[in-house]
Amino acid sequence: MQGFLGIGSNIGDRLDYLKKAIQEIQNSDIQIIKCSSVYETSPWGYTQQPNFYNCVIEIKTNKIAVGELLTICQAIENEFLRKRIFHYGPRTLDIDILSVGIIQIQTPELIIPHPKISERLFVLNPWAEIAPDFLLPNSTQTIQELLQQLPEETMPIISTLELKQH
């Protein structure tokens, strides 16, 4: 199974949360194929909160099913004391399953591909960095094409950082 995860944080040591989340993902029999730069972005939805650090990683695993991947992501969020005061509010760590191969799922617990991908510059920008030609199973447009449709002022990129893995 190959897929993409979006990781974000805007409370505490944002960069450290991203690094630790990626390390925990690797410790769960999941191989990291590529990791985007970290993008500092203004908040989406509720805007009266600190800026986010966001990145997208490409993953691969032969041992884990999609449901188990969700469980792993939620366990990692909880391990780092995920705090989210309200929907779209500040959070210590957020890991979203963006897409998994050609799979389409719609359950109360999980929707794949993630339903708001085409609206989120903070997802599309880092994703286009590592897989611009990826085609979502429910779309006729690549990640790069979806990105080009969004006006940059939708979600200004404040800065980018390289995420050094140890």
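Residues that satisfy the side chain to side chain contact (heavy atoms under 4.5 Å, CB included) test with T107, not counting sequence neighbours, are I105, E109, L110. Judged as a side chain to side chain contact (heavy atoms under 4.5 Å, CB included), and not counting sequence neighbours, the contacts of I111 are Q106, P115. Listed by chain and residue number, nothing satisfies the side-chain hydrogen bond (donor to acceptor under 3.5 Å, both in side chains) test with E24 (two or more places apart in sequence, or in another chain). With sequence neighbours left out, the side chain to side chain contact (heavy atoms under 4.5 Å, CB included) criterion links Q148 to Q144. Taking E68 as the reference, I64, I72 meet the side chain to side chain contact (heavy atoms under 4.5 Å, CB included) condition, with sequence neighbours excluded. Residues passing the side-chain hydrogen bond (donor to acceptor under 3.5 Å, both in side chains) test with N62: none are found, sequence neighbours excluded.
Screening E58, K60, Q26 for a side chain to side chain contact (heavy atoms under 4.5 Å, CB included) with I32, the sole residue that qualifies is Q26. Between P126 and the choices I143, V38, V56, the side chain to side chain contact (heavy atoms under 4.5 Å, CB included) rule is met once, by V56.
Residues S118 and L146 come closest through the heavy atom pair CB-CD2, 4.1 Å.
Distance CD1/I11 to CG/L93: 10.5 Å, rounded to 0.5 Å. One finds the NZ atom of K34 at 13.0 Å from the CH2 atom of W127 (value rounded to the nearest 0.5 Å). Rounded to the nearest 0.5 angstrom, L18 CG and D94 CG are separated by 10.5 Å. A distance of 9.0 Å separates OG of S139 from CD1 of I117, quoted to the nearest 0.5 Å. Here CD1 of I7 is found 7.0 Å from SG of C35. Values are rounded to the nearest 0.5 Å. To the nearest 0.5 Å, the span separating CD on E119 from NE2 on H114 amounts to 10.0 Å.
For the pair N10 (side chain) and P50 (backbone), a donor-acceptor distance under 3.5 Å is present. For the pair S42 (side chain) and N51 (backbone), a donor-acceptor distance under 3.5 Å is absent.
Residues I130 and L135 do not share a hydrophobic cluster, clusters being chains of Ile/Leu/Val/Met/Phe/Trp/Tyr side chains in contact below 4.5 Å.
Between the side chains of Q31 and T61, no donor-acceptor pair is found at a separation under 3.5 Å. Side-chain contact annotation: T41 with N54, donor-acceptor N/O pair under 3.5 Å present. No side-chain donor from either of E129 and N125 sits under 3.5 Å from a side-chain acceptor of the other.
Sorted by first and then second residue, the pairs that involve residues 3-18 and meet salt bridge (Lys or Arg N to Asp or Glu O under 4.0 Å), not counting sequence neighbours, are R14-E40, D16-K20. Sorted by first then second residue, the ring-ring contact (aromatic ring centres under 6.0 Å, His included) pairs that include residues 59-79, not counting sequence neighbours, number zero.
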Exercise for the section: Please assess I33 against I59 for the test side-chain contact (heavy atoms from CB on, under 4.5 Å), listing each intermediate value before the final yes or no. Expected result: CA-CA 5 Å; I33 305 296; I59 63 166; 5.9 Å; no

Handout entry: side chain to side chain donor-acceptor pair (under 3.5 Å) assessment of Q23 paired with N27
Key = CA-CA 6 Å; Q23 185 60 50; N27 291 343; 3.1 Å; yes

Handout entry: CA sep, side-chain torsions, deciding dist, call: F4, F134, ring pair (Phe, Tyr, Trp, His ring centres under 6.0 Å)
Key = CA-CA 10 Å; F4 294 89; F134 183 77; 4.8 Å; yes

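Contact check for L124 versus L150: side-chain heavy atoms found under the 4.5 Å cut-off.
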Validation: residues 95-104 side-chain donor-acceptor distances under 3.5 Å, sequence neighbours left out:
none

